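Worksheet for the structure shown next.
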There are 2 protein chains.
Amino acid sequence: MSKTSRSVPPRAPTLEDVARAAGLSSMTVSRALNTPQLVRPKTVEKVIAAVKATGYIPNALAGGLASRRSKLIAVVVPQINNNMFVDTIQAISDELAVRGYHMLLCVAGYTQQTEAELVAALLSRRPDGIVLTGIHHSTDLKKVILNASVPVVEIWDLTPTPLDMLVGFSHEKVGQATADYLLRKGYRRPGLLWTVDKRAAQRKAGLCDVLARNGITEPVSVDVALPARFTSGREGMARLLEVGDFDVIVCSSDTLAQGAIIEVQSRGLRVPQDVAVIGFGDLDFAAGNQPAITTVSVDRQIIGQRAATLLADRIEGNSANEQIVDIGFHFVERESA
Amino acid sequence: MSKTSRSVPPRAPTLEDVARAAGLSSMTVSRALNTPQLVRPKTVEKVIAAVKATGYIPNALAGGLASRRSKLIAVVVPQINNNMFVDTIQAISDELAVRGYHMLLCVAGYTQQTEAELVAALLSRRPDGIVLTGIHHSTDLKKVILNASVPVVEIWDLTPTPLDMLVGFSHEKVGQATADYLLRKGYRRPGLLWTVDKRAAQRKAGLCDVLARNGITEPVSVDVALPARFTSGREGMARLLEVGDFDVIVCSSDTLAQGAIIEVQSRGLRVPQDVAVIGFGDLDFAAGNQPAITTVSVDRQIIGQRAATLLADRIEGNSANEQIVDIGFHFVERESA
DNA sequence: TTGTAGGCGTTATCAA
DNA sequence: TTGATAACGCCTACAA
């Protein structure tokens with residue numbers, strides 16, 4: 001109705017508006033905001049005052065379009081609500097924040113098709129870099145990624161031939177180390193309590209490989225659905241106790257191990273005397289559990305931190321010298337096995 | 001050197017390139033991709049073929065700039081590696097994916113200053129909506145948000161005066177319900193094992209309020225750092241056992257409760273006979289723990305799902321009828337108290 | 001140190 | 001049903 005008070009459309013202030021308020025050109029305002037060292041201090045002050053006065057908030061869409069740098073990193077994980085990945089995600093987010101990037105987080109599930117589609121959609125955001133979980137990708141995905149020539153870090157696994165950069169560790173070796181431990185401790189009748197993802201499968205392969213070479217072939221394995229849950233640990237252990245007589249149960253994660261231990265104890269049996277239990281991950285409850293869980297420790301935060309650093313360095317031209325980072329792992333002997 | 005093979009700069013194909021390949025205008029290609037129902041089927045086919053041939057990937061920065069809709073939702077949480085929030089985040093992500101949005105995930109920590117800065121930076125991405133954890137924000141943050149006139153959902157808390165929309169429950173009532181339960185069960189010497197965030201403080205207030213009205217004033221409280229960890233639970237319980245004689249320990253989360261229970265058991269005491277323990281959250285191990293943990297169940301996924309739905313509906317003009325969603329909670333009596 | 005011109009890749013709008 | 005034109009808001013490149 002009235003053309004006085006609300007005649008101004010509620011358009012967000014632009015660089016131009018700030019420039020007008022400051023009596024400068026929009027280019028100078030842009031410089032004052034992004035590269036203040038190239039602008040006279042007094043001018044910078046003027047700009048800052050004008051920004052405050054106008055309530056200006058930069059438009060990163062426009063900025064990214066013009067500069068061809070989005071300051072955006074896309075992160076693809078199989079799941080968020082997974083004790084293994086959350087610490088890595090948090091570390092990525094923290095490190096990226098320090099470097100001035102934002103994190104676009106996507107859940108791919110555990111199928112390749114989904115991941116390929118997701119990444120294609122993600123690329124439309126023109127991220128400056130991408131973090132992919134794992135090293136097994138569909139050929140479509142690989143083609144799209146390489147074609148986009150965007151820096152990529154694969155995490156949580158190891159291969160001599162990554163798409164680009166990589167931060168992880170060898171799951172096969174984890175399995176082997178676990179087998180070595182079992183054999184050294186004299187366990188002969190192992191049972192497996194396992195989730196069905198690719199990395200867990202590699203650990204199983206390494207484990208069974210060494211066991212087989214030592215005369216223990218095809219140990220019984222009970223599979224449980226992802227994500228690994230305490231409940232699945234209990235149920236899986238219950239099934240194992242029905243089908244066989246084991247001296248040790250190897251679990252694909254500490255979460256399962258904790259559930260398994262409770263199940264054993266609830267039957268009046270003792271861990272490790274009646275049946276031992278081994279986990280994976282060294283989650284925060286592993287050391288304090290009763291009995292303390294023997295497990296494989298992996299620095300999940302370092303994975304995220306290094307991944308973010310590698311990407312940011314590459315993007316900013318401080319070309320990373322090492323492209324493949326093996327963060328290793330270490331076996332932690334505690335009470336449960 | 002040679003100007004034949006590599007003379008073409010590796011510029012990503014644009015709408016224009018697709019249009020040329022299809023013998024159409026870029027506008028028609030844009031329509032075929034976004035609103036195919038407005039384009040002749042045969043033309044759409046041509047476009048799809050040309051897209052495939054050129055390897056075209058849309059540029060959402062340009063699209064967002066032109067259309068003023070980024071298809072981006074910013075989510076701000078205090079922490080990611082927190083058992084309480086991950087399920088909510090995952091649910092938001094899942095629901096947003098279905099609706100065609102991407103999630104920008106930011107970690108604010110537990111200080112208001114950080115959150116205000118983060119949101120300002122986030123707004124530069126021109127998100128179509130924002131999810132904020134909690135209802136306590138700095139006045140700066142509120143001003144910026146309202147000024148940007150972007151849809152907001154606050155989650156995990158309840159207030160009659162949200163910034164905009166809200167999905168959560170009353171922490172004070174959770175505390176009251178817990179107190180009611182304690183009193184009904186005849187517990188008279190409660191101790192508290194608590195983290196120091198705002199929402200936990202509200203639960204404590206509700207709890208102490210009811211207790212005080214029943215003659216139990218200022219129960220001893222041991223505070224532990226965030227995030228709530230199994231280890232903190234054990235340590236906190238150890239301190240409690242040193243400073244007093246309690247018949248029940250109320251914990252601000254199941255994670256602490258689980259640690260507390262183990263600590264009690266490791267001393268040869270029994271839960272709940274020697275000391276009872278109550279948790280909060282009904283995390284996945286609560287029901288299967290030995291003893292099963294008496295706790296308050298909150299549907300963490302629903303919070304995320306409803307928040308995402310509210311936002312998407314609002315953005316797409318299907319104006320949400322209810323702006324404040326109280327998802328409630330329910331007390332779950334099990335064995336530990 | 002500051003300013004001008006032009007383009008980044010897409011979509012809204014209007015015309016055909 | 002399709003196309004031409006003009007933004008969208010910023011930054012690169014160059015000039016002054």
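In what follows, every chain begins at residue 1, and chains take the letters A, B, ... in the order their sequences are listed. Just so we're clear, the structure is a prediction, and the values are computed from it rather than from any experiment.
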In numerical order, the residues of residues 26-34 of chain B whose heavy atoms come under 4.0 Å of DNA chain C are B:Met27, B:Ser30, B:Arg31, B:Asn34
Test B:Arg125 against A:Leu72 for side chain to side chain contact (heavy atoms under 4.5 Å, CB included), laying out the working first. CA-CA 10 Å; B:Arg125 304 277 172 190; A:Leu72 215 49; 3.6 Å; yes
Within residues 56-68 of chain A, the residues having a heavy atom closer than 4.0 Å to DNA chain C are A:Leu65, A:Ala66, A:Arg68
Ignoring hydrogens and geometry, is there a side-chain-to-backbone donor-acceptor pair from A:Ser25 to A:Thr28 under 3.5 Å?
yes
So the side-chain hydrogen bond (donor to acceptor under 3.5 Å, both in side chains) pairs with at least one residue in residues 42-51 of chain A (sequence neighbours excluded) are none
Backbone N or O of B:Ala91 within a donor-acceptor pair of the B:Arg300 side chain at under 3.5 Å? no
Scanning both residues in full, the closest heavy-atom pair of B:Ile324 with B:Pro162 reads CD1-CD, 3.7 Å
B:Asn81 backbone acceptor or donor facing A:Gln90 side chain under 3.5 Å
yes
side-chain contact (heavy atoms from CB on, under 4.5 Å) with B:Cys106: of B:Leu118, B:Val131, B:Val77, only one passes, and it is B:Leu118
- Are A:Asp17 and A:Arg11 ion-paired here, with the side-chain N under 4.0 Å from a carboxylate O? yes
Salt-bridge test for A:Arg99 and A:Glu316: reply yes if a basic N is under 4.0 Å from a carboxylate O, no otherwise.
yes
(Q) Check B:Asp164 with B:Arg314, please: is the shortest side-chain N to carboxylate O separation under 4.0 Å? (A) yes
Here the gap from A:Ile73 atom CD1 to A:Ser93 atom OG, rounded to the nearest 0.5 Å, amounts to 11.5 Å
Between the OG1 atom in B:Thr133 and the CG atom in B:Asp197, the distance rounded to the nearest 0.5 Å is 11.0 Å
So CG of A:Leu310 and CG of A:Leu166: to nearest 0.5 Å the spacing works out to 9.5 Å
DNA chain D: first to last nucleotide in contact with chain B (atom under 4.0 angstrom from a heavy atom), 5' to 3', is D:dT1 to D:dG9
Within residues 47-54 of chain B, the residues having a heavy atom closer than 4.0 Å to DNA chain C are none
dist A:Asn147:CG -> B:Ile57:CD1 (nearest 0.5 Å) comes out at 7.0 Å
*side chain to side chain contact (heavy atoms under 4.5 Å, CB included) between B:Leu132 and B:Val152, worked out*: CA-CA 7 Å; B:Leu132 294 178; B:Val152 176; 4.1 Å; yes
Under a 4.0 Å heavy-atom criterion, DNA chain C is touched by chain A from C:dT1 to C:dG9
